[in-house]
Every structure is written in C-alpha cells, then in structure tokens.
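Here is the structure we will look at.
Since we're looking at a predicted model, the values are computed, not measured. Naming: A, B, ... by sequence-line order, numbering from 1 per chain.
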Protein chains: 2
Amino acid sequence: MRIGELSERTGTPRRLLRYYEEQGLIAPGRSANGYRAYDENTVDRVLQIRGLLDAGLPTRIIRQILPCLDKPRVIHFRDATPEMLATLEQELNRMTDRIRCLTRNRDAIAEYLAEVSRHKAG
Amino acid sequence: MRIGELSERTGTPRRLLRYYEEQGLIAPGRSANGYRAYDENTVDRVLQIRGLLDAGLPTRIIRQILPCLDKPRVIHFRDATPEMLATLEQELNRMTDRIRCLTRNRDAIAEYLAEVSRHKAG
DNA sequence: ATTGACCTTCACATCAATGTGACGGTTCGA
DNA sequence: TCGAACCGTCACATTGATGTGAAGGTCAAT
C-alpha cells in the first residue's frame, strides 16, 4: 500500500510516517515511480511505534527494541551483543517502572471518580 | 527545605523544579530572603511528577490529575465539573492503553532475553 | 490534454521539556 | 571582610516529535 492508505489506517500523518522511516523504525520498499510501498504488517508496526512513543520511549530506544519483537521470533545473534542485552534489560526495567507509576496513578484516578460518583448517588 | 536539597533528594535539576512550579505542578512558599521553601512531601510529589512525565504525560494533564491524587483524599466539588470528570475519564483510559502497550512490549523483551539466555546456556 | 488527487523532497516553524550561563543578592564560615 | 556556596531572575539554546507549505513528478478519469 502507499503512504496515504497507511496514514489513514493508522491515523498517522504522512509526515510522521516519513519521520519514522528516517529514524529507522520502518523500511518501506519503493515502487517504480518512487512511491513508498508498505506491506500489510506495517500497519501493526506503526501502531506499536505510536503506542511506545506515547508511552514516553524515544525513537532511539524503539529502534533498538523493535527487532526483538518481531514475530515469529528470529534471533540474530550478531545483534545480541552484551551491550545490546544490557540496554534491553535496562529498558525493560524502565518500562516496568513506568507501568508501576501509571498503574498507581490510574488507580488513584479511578478511586477519585468512584468517590465522586458515590457522592452524586448518595 | 530549599531548592538545592530538593534537587538532590529527587535527582532533579533546579531548573526543572522551577519549571514545574511555573507549570503549576508544585507551589513552594518563600522564606524572608526570597528563597523557595519546600515542605517534606514535595519530595514525593516531584518523584510522582517525574514518573508521569517519563510515562508520556504532558504537564498540562499532570496539573489536572494531581489534585485528585492528594492523600488524604479531599474532594473539592467545585473542581469536579462535568468537563473535568470527562477529562479524567479520558486520561484514565489513555493511561490504561499505555499500560497495555508497555506491558505487552515489556513481556516480549523479557521473552527475547529469556530465549537468548536459554541459547547461551544450552 | 487537462484536472485533481496522489506522491516526492526540502525546509522552515512550533511546542514541550530541558540545558546552560550571565548577572546579582544572601548566608556562613575562615 | 572575603570567598564559597547557596539562592534569585532572565534569556537564549537545544532536542525530539510534530505542523505546514512550497515546488514539482505521477497517474487516473474526464
């Protein structure tokens, strides 16, 4: 598919699709006329990228973790350098921290809303 | 305490502590000489702010949700306008989305690391 | 063949979070 | 009283993610 369709299907401005490519997050082919050619699973990948960006990860990190998330999992042991593994472990920890923080605060908001609605009902 | 101590105890540059204040996230008093005076629980508040920022929330949103998270919970019903409640609910949903995304990807990284280490061991 | 809806690259603009440093006042200990 | 280590404001710079628009190529339908 071309960039317009991908943009529509992912709700992502074309500008950003090109930006993600520039950042090495996606790598579309090119058709004869020079247009970018995306395959079907790029849709999911873009959504995944956007989710991670929205969760505070910078493109630099996303670029590093994306290859580990491909299904079916194929491990390129060239890439699995000790530094890379250390980075991954560190990011994994940061993600866990984020999850904790988000969960705690989300639950607090939920409690607040529950209490407000209890008040209105009571 | 003054800004230096708060900075050290939260690992946050002074510049940012002033920025958070400018954004209405913290509101220190002032001592006679004009120095900012923070009380003890500002430490936790700053850590909470940093966590939320790191998880992708903008200061604008953090400013809105912080008052709902104060313990002990005191609901200022002036603030609980329908629009405010709608915003909170929406942010709650976005946070849930983020948690889902982070959890999924974190688990995938964990699996990847497990597989690599299985390979090294095997 | 022209129009309109695509696509391309390039470049400058914006916004939020953060870095950095200038310049000056305060406090405290040697 | 001097210097070091704080603090204050102000302001300009940077970085990453994004907005926007110009100038031009491609292609399908009329």
Side-chain angles (χ1 to χ4, degrees), chain A residues 1-39 42-43 45-66 87 91 94 97-98 101-102, chain B residues 1-39 42-43 45-66 87 91 94 97-98 101-102:
Chain A
M1 84 194 73
R2 287 175 301 174
I3 201 171
E5 185 181 344
L6 181 61
S7 169
E8 274 208 0
R9 289 176 61 187
T10 60
T12 306
R14 293 142 216 256
R15 170 73 175 85
L16 288 188
L17 294 173
R18 301 198 183 99
Y19 175 67
Y20 299 156
E21 176 181 351
E22 185 184 314
Q23 298 298 308
L25 306 183
I26 49 183
R30 295 282 179 156
S31 34
N33 54 17
Y35 290 6
R36 272 163 256 254
Y38 301 92
D39 49 38
T42 308
V43 174
R45 161 142 309 203
V46 168
L47 293 175
Q48 185 179 29
I49 291 168
R50 303 218 95 205
L52 290 171
L53 276 174
D54 185 61
L57 282 78
T59 57
R60 191 187 79 256
I61 298 298
I62 299 178
R63 174 171 50 247
Q64 293 186 285
I65 71 179
L66 270 183
T87 299
E91 281 312 312
R94 289 200 59 182
D97 290 346
R98 273 185 258 247
C101 173
L102 284 171
Chain B
M1 85 194 72
R2 287 175 302 175
I3 201 171
E5 184 182 344
L6 182 60
S7 169
E8 274 208 0
R9 287 177 60 186
T10 60
T12 308
R14 292 143 214 254
R15 170 73 175 86
L16 288 187
L17 294 173
R18 301 197 183 100
Y19 175 67
Y20 299 155
E21 176 181 349
E22 185 185 314
Q23 297 298 306
L25 307 183
I26 49 183
R30 294 281 178 156
S31 34
N33 54 17
Y35 290 7
R36 272 163 257 254
Y38 302 92
D39 49 37
T42 308
V43 174
R45 162 142 307 202
V46 168
L47 293 175
Q48 184 179 29
I49 290 168
R50 304 217 94 203
L52 290 171
L53 277 173
D54 184 61
L57 281 79
T59 57
R60 192 185 79 256
I61 299 298
I62 299 178
R63 175 171 49 245
Q64 293 187 285
I65 70 178
L66 270 184
T87 300
E91 281 312 312
R94 289 200 59 184
D97 290 345
R98 273 184 258 247
C101 174
L102 284 171

Would you check, one step at a time, whether the test side-chain contact (heavy atoms from CB on, under 4.5 Å) holds for A/Leu17 with A/Thr42?
CA-CA 10 Å; A/Leu17 294 173; A/Thr42 308; over 6 Å; no

Walk me through whether B/Arg94 and B/Glu91 qualify under side-chain contact (heavy atoms from CB on, under 4.5 Å).
CA-CA 5 Å; B/Arg94 289 200 59 184; B/Glu91 281 312 312; 4.0 Å; yes

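The side chain of B/Thr59 contributes an N or O atom lying less than 4.0 Å from OP1 or OP2 of C/dA17. Contact annotation: A/Arg36 side-chain N/O to C/dT8 OP1/OP2 distance is under 4.0 Å. Between A/Asn33 and D/dG25, a side-chain N or O to OP1/OP2 separation shorter than 4.0 Å is absent. The phosphate of C/dT9 (OP1 or OP2) has a side-chain N or O of A/Arg30 nearer than 4.0 angstrom. Side-chain nitrogen and oxygen atoms of A/Tyr20 include none within less than 4.0 Å of the OP1 or OP2 phosphate oxygen of D/dA17. When the side-chain nitrogen and oxygen atoms of B/Arg18 are compared with OP1 and OP2 of D/dG8, one or more of them lie within a distance under 4.0 Å.
For A/Leu52 and D/dA17, the CG to P distance is 12 Å, given to the nearest whole Å. Atom CZ of B/Arg14 and atom C1' of C/dA22 are 17 Å apart (whole Å). Between the CD1 atom of A/Ile49 and the C1' atom of D/dG16 there is a distance of 15 Å, given to the nearest Å. Between A/Leu6 atom CG and C/dC7 atom P the separation is 10 Å, expressed in whole Å. Following rounding to the nearest Å, B/Glu5 (CD) and D/dC6 (P) show an atom-to-atom distance of 12 Å. The separation between A/Glu22 atom CD and C/dT8 atom C1' is 14 Å, rounded to whole Å. In this structure, the OH atom of A/Tyr35 is 6 Å from the C1' atom of D/dC27, given to the nearest Å. Atom C1' of nucleotide D/dC6 and atom CE of B/Met1 are separated by 16 Å, given to the nearest angstrom.
The residue among A/Pro58 and B/Gly4 whose nearest nucleotide of DNA chain D lies closer to the 5′ end is B/Gly4. Mapping A/Ala32 and A/Pro13 onto DNA chain D via the closest heavy atom, the residue that lands nearer the 5' end is A/Pro13.
Closest to the B/Ile3 side chain, of the nucleotides C/dA17, D/dC7, C/dC7, is D/dC7. Among the nucleotides C/dT26, C/dT18, C/dA17, the one closest to the side chain of B/Gln23 is C/dA17. Proximity note for B/Leu16 (side chain, C-beta onward) versus D/dC6, C/dT18, C/dC7: the nearest is C/dT18. Considering only side-chain atoms of A/Arg15, the nucleotide from D/dG19, D/dC7, C/dA16 that sits closest is D/dG19.
For the pair B/Leu66 and B/Gln48, the minimum side-chain heavy-atom distance is below 4.5 Å.
When the shell of 6.0 Å around CD of A/Glu5 is examined, it contains more than 12 heavy atoms from other residues, nucleotides or ligands.
Interatomic distance, B/Ile49 CD1 to B/Leu16 CG, rounded to the nearest 0.5 Å: 10.5 Å.
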